[in-house]
J.: 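Just passing along the structure, written as structure tokens.
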Number of protein chains: 2
Amino acid sequence: MSVGSDTETVGAAIPPPNVFSSACASRETLQHLTGRWGTLTLAALLLAEAPLRFGEIRRRIDGISDRMLSQTLNQLERDGFVERHVLSNIPPHVEYALTTLGRRIAEPLLALIGLVEGELPSVLAARAAYDRRDG
Amino acid sequence: MSVGSDTETVGAAIPPPNVFSSACASRETLQHLTGRWGTLTLAALLLAEAPLRFGEIRRRIDGISDRMLSQTLNQLERDGFVERHVLSNIPPHVEYALTTLGRRIAEPLLALIGLVEGELPSVLAARAAYDRRDG
DNA sequence: CAGCATCCTTATCGATACTG
DNA sequence: CAGTATCGATAAGGATGCTG
């Protein structure tokens, strides 16, 4: 494993990606994933277990607008988490699917969602207790 | 356990928490967790494996301001993910720690961070390919 | 149906100053 | 040290109208 020689052969070591550094590209990527609509979009695609059309995604994510869904899908596609397939132009028919990487990324997000939904009673109880203490 | 009689005794079934519904409190909770600073704050506390002081958290999360850290910690405490312990008032000494629930929530978030950092080269390659296709 | 352009409102955020 | 309050800048988001 060439232990010990790495530091000699490498001229200047590049720092590993670190989300805690504001300049690191991984911070920006994390933002895209955990932004307001990114998590829900990926989760919707993972739960569907099949490609979804634009309108189908929009209907599954209550409250999202055309504009934000379009923007979110563009970001996710650019980062390599989502694939866009044009099946027809007239009438327009476009399908979106998770890439392999997208699926791996969506999994912990779906786990988080399950936890949040399952523990919502605890959260609401904690809020009530907090609000009772101070106003 | 009165199996089978539940549907009779309950008048109107309450819908289960669903983040895809904009009105559900779980949507708001998810927002607190996946907001700009929530994920990083929880991850910092989980990685530390020990309570951290306000200033320690701020130094670990590059780019966060006093204001946003304070706001984020308040939200996370109210939702029951973080505990705040005042050890002294003069000079002020306050420690923040994950609750049991907070730790469970932070785990998938840390997994996500690891994935994002590890797969950053793939993401950057995907971006380059995307930008080459159109401008 | 898919989705961009424009306009405008709202929420978020950062800087600064201040307090126990 | 650990915050809070206020303010101004900026970015995110929603509504609408339009196009292939």
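In what follows, chains are A, B, ... by sequence order, proteins preceding strands, each numbered from 1. Fair warning: this is a prediction, and the values are worked out from it, not measured in the lab.
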J.: Please report the distance, rounded to the nearest Å, between CZ in A:R58 and P in C:dA2.
T.: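 One finds 7 Å between P of C:dA2 and CZ of A:R58, rounded.
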
J.: Let me know, please, whether B:R53 or A:G35 comes out on the 5' side of the other along DNA chain D by nearest nucleotide.
T.: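 Upstream on the strand: B:R53.
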
J.: Hey, does the side chain of A:N74 come within less than 4.0 Å of C:dG3's phosphate (OP1/OP2), counting only N and O?
T.: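 For C:dG3, OP1/OP2 do not have a side-chain N/O of A:N74 under 4.0 Å.
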
J.: Flag the pair A:W37 / A:I64 as yes when at least one side-chain heavy-atom distance between them is below 4.5 Å, and no otherwise.
T.: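 Yes, at least one pair of side-chain atoms sits under 4.5 Å.
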
J.: Give a yes/no on whether any side-chain N or O of B:Y96 is located under 4.0 angstrom from OP1 or OP2 of D:dC1.
T.: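 B:Y96 to D:dC1 OP1/OP2: no side-chain N or O under 4.0 Å.
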
J.: Quick one: what's the B/S/- string for nucleotides 13-20 of chain C, heavy-atom cutoff under 4.0 Å, read 5' to 3'?
T.: BBB----B

J.: Within the pair A:R84 and C:dA2, is there a side-chain N or O less than 4.0 Å away from OP1 or OP2?
T.: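 Checking C:dA2 against A:R84, no side-chain N or O comes under 4.0 Å of OP1 or OP2.
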
J.: Less than 4.0 Å between a side-chain N and a carboxylate O, is that true for A:R78 and B:D131?
T.: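 Answer for the salt bridge query: yes.
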
J.: Report the C-alpha distance between B:E95 and B:L52 in whole Å, list the side-chain angles of each, state the deciding distance to 0.1 Å, and finish with yes or no for side chain to side chain contact (heavy atoms under 4.5 Å, CB included).
T.: CA-CA 5 Å; B:E95 289 189 344; B:L52 291 179; over 6 Å; no

J.: Are there more than 12 heavy atoms of other residues, nucleotides or ligands under 6.0 Å from atom CD1 of A:I90?
T.: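 Count not over threshold, so no.
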
J.: Whole angstroms only, please: what is the CG-P distance between B:L69 and D:dC1?
T.: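 In whole Å, D:dC1 P and B:L69 CG are 14 Å from each other.
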
J.: Can you list, pair by pair, the side-chain donor-acceptor contacts under 3.5 Å of residues 105-120 of chain A, counting residues two or more places apart and other chains?
T.:
| residue | atom | partner | partner atom | Å |
| --- | --- | --- | --- | --- |
| A:E117 | OE2 | B:V19 | N | 2.9 |
| A:E119 | OE1 | A:S122 | OG | 3.1 |
| A:E119 | OE2 | B:R104 | NH1 | 2.8 |

J.: Rounded to the nearest Å, what distance is computed from the CZ atom of residue B:R59 to the C1' atom of nucleotide D:dG3?
T.: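 Going from B:R59 (CZ) to D:dG3 (C1'), I get 15 Å.
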
J.: CD of A:E95 versus P of C:dA2: gap in Å, rounded?
T.: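 Answer to the nearest Å: 9 Å.
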
J.: Between atom CG in B:L52 and atom C1' in D:dA2, what is the gap in whole Å?
T.: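 Distance check: B:L52 CG to D:dA2 C1' gives 15 Å.
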
J.: Rounded to whole angstrom units, what separation is found between the CD atom of A:Q31 and the C1' atom of D:dG13?
T.: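 Rounded to whole Å, this separation is 17 Å.
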
J.: Check B:L45, B:L101, B:T72 against B:V82 for a side-chain contact (heavy atoms from CB on, under 4.5 Å) and give me the one that passes.
T.: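 That would be B:L45.
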
J.: Strictly below 4.0 Å, N to O, side chains only: are A:E77 and B:R127 in salt-bridge contact?
T.: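 Judged by the 4.0 Å cut-off on N to carboxylate O distance, A:E77 and B:R127 do not form a salt bridge.
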
J.: Measure CD/B:Q75 against P/C:dT12 and give the value in whole Å, please.
T.: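 Distance check: B:Q75 CD to C:dT12 P gives 9 Å.
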
J.: Specify the separation, in whole Å, of atom CD of B:E56 and atom P of D:dA2.
T.: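 Going from CD in B:E56 over to P in D:dA2 covers 8 Å.
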
